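Given the structure is predicted, the values throughout are model-derived calculations rather than measurements. Note on naming: letters A, B, ... go to the chains in the order of the sequence lines (proteins, then strands), and numbering restarts at 1 for each one.
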Amino acid sequence: MSETSAVVDPLTAALPRVSPWMRLGRRALGHHGFMAGALVLGAIVLLALFAPLLAPHDPYAQDVSLRLIPPVWDAKGSWDHVFGTDKLGRDYLSRLIYGARISLMIGGLAALISGLIGTALGVAAGYFGGKVDAAISYLITTRLSMPVVLVALAVASLVGGSLKIVILVLGFLLWDRFAVVTRVATQQIRHAEYIAAAQCIGASTWRIVVSEILPNILNALIVVATLEMAHAILLEATLSFLGLGVPPPEPSWGLMIAEGKQYMFFKPWVIVIPGVALLVLVLAINLLGDGVRDVTAPENRN
Amino acid sequence: MLNFALRRVAVAFCVAFTVAVFSFFLLHLSGDLATAIAGAESSAAQIEQIRVQFGLDQPIATQFVEWLWKAMYLDFGRSFYFQDQVTTLIAGRLGVTMTLGGLSLGFALLIAIPLGVLAAIKRDTWVDRVALTISVFGQAMPSFWFALTLILIFAVNLRWLPVSGSGTWQHFVMPVIALGTYAMPAIMRLTRNGMLDVLSSDYIRTARAKGLRTGTVLFKHALRNAVIPVVGLAAVQLGFMLGGSIVIETIFSLHGLGHLAWEAISRNDYPVVQAVVLLLSVVYIFVTLVADLLNAALDPRMRSN
């Protein structure tokens with residue numbers, strides 16, 4: 001008897017309590033891609049937020065005597081202009097820091113608008129099924145068959161490119177993936193028992209959608225949001241590069257590449273630096289999205 | 001199968017019609033076309049003259065019916081800028097873009113499928129990680145910037161290829177790489193995941209248990225099934241690439257449809273813009289239709305919807 005009392009009773013022993021949120025947090029901390037993406041994106045967001053404090057120069061201040069100074073790692077570079085200057089003598093680093101604001105704002109707002117449109121359509125199609133589903137699926141197919149870059153360029157050209165127009169055009173064009181994913185996700189849980197239970201206690205459709213369906217498809221929604229944010233950032237850069245996005249003198253990264261294009265044969269850094277900035281930002285957002293998918297649904301990991 | 005095919009074709013026609021409606025009204029409602037064509041500094045009388053000349057004074061419904069009626073006979077009217085029929089312009093440029101699109105898709109498939117298969121076979125090894133890294137970078141790279149970087153490396157520094165223009169096969173090398181890289185990551189990921197699914201299935205275990213050679217199992221049994229979804233994705237990617245060709249053709253001065261679209265957009269030559277939007281959409285609809293029918297023929301389960 002005395003020997004058995006030394007053994008810990010498995011039923012009454014105090015186990016360390018691990019809440020689901022803690023488990024999620026631990027999985028996130030252990031996911032290299034997620035952490036790398038989150039850290040880099042966080043750093044870029046901070047740069048954008050505190051741009052006036054961090055930028056060493058005025059991003060719009062022109063000085064023709066300081067044209068096309070090479071970056072600091074070049075023999076002729078100096079620490080005064082770490083990434084050099086552009087063709088109008090504007091400090092490249094400062095323009096890069098302010099440019100992060102444009103990319104993040106366009107990415108975020110376009111993803112928000114398209115997310116609202118796409119989620120509303122997708123959830124409606126998945127929840128109601130039947131004719132509603134057929135109509136919305138038809139709308140998705142139609143939208144998918146229109147070339148995004150071409151339509152965005154044509155509209156921006158007719159209306160005149162500006163920050164607001166780019167956000168609206170992309171917001172109204174990029175909702176398709178939100179709709180496709182939320183439609184399937186809603187279909188999958190449409191006949192789950194907790195939805196039936198909510199219907200039995202008389203919950204309204206609106207209430208079921210908001211408090212039962214949306215929380216359960218949230219992880220898929222976040223993954224698509226990161227993808228579309230990255231997509232919108234790349235499209236804004238493309239539109240600005242072609243001269244129909246954000247107009248000069250705004251420091252859009254795509255516009256910086258367009259302005260540097262004519263000098264790139266002799267001074268390649270004028271296109272390399274903003275290009276790398278775009279690459280790093282989009283990479284961070286994509287890694288974060290992949291990470292969210294792995295962390296919230298480890299059983300689906302491949 | 002016939003029933004499915006007929007229904008699918010009918011839907012494709014309806015979608016094409018809806019796209020025509022959308023693209024027409026989108027361009028007509030996003031601004032005053034007569035002012036856009038005439039330019040900002042022209043007088044009210046000039047704008048009015050253009051409005052009458054191009055039939056823009058008619059009710060929009062009349063304009064639409066007339067445009068659609070002619071479009072069915074492949075008559076998209078005259079270009080405002082090029083002094084030529086839109087159809088003639090497009091016919092002259094179509095070859096370059098189709099060559100570019102076809103070669104780019106071929107390039108993407110040629111890299112993505114072997115890489116995806118290899119990543120799946122060597123799962124969680126360095127091969128898998130390299131393949132994944134390539135796909136992650138490929139997805140994050142702005143294609144116009146990648147194109148400029150290719151020019152810097154292969155045309156300026158190494159002098160292997162011409163910077164831009166069209167004419168010889170060398171002019172197509174960099175555009176094909178730039179456009180193909182854009183489509184590659186998605187195809188690679190799908191091949192890899194499809195291959196992983198198939199490799200863990202029962203019939204592959206049976207094939208292995210029978211003592212078949214690894215090569216036979218992988219290529220005769222596994223790959224065939226893993227590649228079926230890639231057919232659908234390749235069709236979708238081809239559509240995206242035709243849309244993306246506007247950027248790539250502009251950078252490399254390849255005189256294809258994308259370049260034409262760019263010139264037309266920057267000059268408010270909207271009959272050309274409308275025709276190109278409609279044409280690219282119809283190509284996309286057609287290609288995805290073919291892929292769907294092909295899938296249904298290969299796999300009867302796909303005929304249900």
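Put simply, of A:V272, A:L244, A:T141, A:L235, the one with the most heavy-atom pairs under 4.5 Å next to chain B is A:V272. Considering only heavy-atom pairs separated by less than 4.5 Å from chain A, the leading option among B:L148, B:V282, B:V11 is B:L148. Counting heavy-atom pairs closer than 4.5 Å to chain B, the top residue among A:L144, A:I233, A:V148 is A:L144.
For B:V276, the parts lying under 4.5 angstrom from a heavy atom of chain A are both the backbone and the side chain. Of the atoms belonging to A:V280, not a single heavy atom falls under 4.5 Å from chain B. Of the two parts of A:L281, neither the backbone nor the side chain holds a non-hydrogen atom closer than 4.5 Å to a non-hydrogen atom of chain B. Proximity to chain A (any heavy atom under 4.5 Å) is restricted, for B:I151, to the side chain, taken from C-beta onward. Residue contact with chain B, scored on non-hydrogen atoms closer than 4.5 Å, involves the backbone and the side chain of A:A237 alike. Of the two parts of B:F146, neither the backbone nor the side chain holds a non-hydrogen atom closer than 4.5 Å to a non-hydrogen atom of chain A.
Between the A:Y138 side chain and the B:V15 main chain, a donor and an acceptor come within less than 3.5 Å of each other. With A:S157 contributing its side chain and B:S266 its backbone, the two residues share no donor-acceptor pair below 3.5 Å. Checked by atom type and distance alone, the side chain of B:Y270 never pairs as donor or acceptor with a backbone atom of A:A154 at under 3.5 Å.
Shown here for A:D290 and B:R189, the closest heavy-atom pair between the two residues is OD2-NH2, 3.1 Å. Shortest non-hydrogen contact noted between A:M146 and B:S281 is CA-OG, 3.8 Å. The two residues B:G243 and A:P147 make their nearest non-hydrogen contact at CA-CB, 4.2 Å. Between B:L152 and A:P268, the shortest heavy-atom distance links the atoms CD1-CB, 3.6 Å. In terms of heavy-atom proximity, A:I271 sits nearest to B:W145 at O-NE1, 2.8 Å.
Considering CZ of A:R143 and OG1 of B:T18, their distance stands at 14.0 Å, rounded to 0.5 Å. Within the model, atoms CD1 of B:I285 and OG1 of A:T142 stand 7.5 Å from one another, a figure rounded to the nearest 0.5 Å. The CG atom of A:L150 sits 6.0 Å away from atom CG of B:L280, with the distance rounded to the nearest 0.5 Å.
Paired with A:L242 under the rule side chain to side chain contact (heavy atoms under 4.5 Å, CB included), one option of B:I251, B:T250, B:I265 passes, and it is B:T250.
Within the 4.5 Å cutoff, no side-chain heavy atoms of A:V282 are placed close to those of B:Q139. Side-chain contact between B:V156 and A:F266 is absent, with no heavy atoms from C-beta onward closer than 4.5 Å. By the 4.5 Å heavy-atom criterion applied to side chains, A:V151 and B:F22 are not counted as neighbours.
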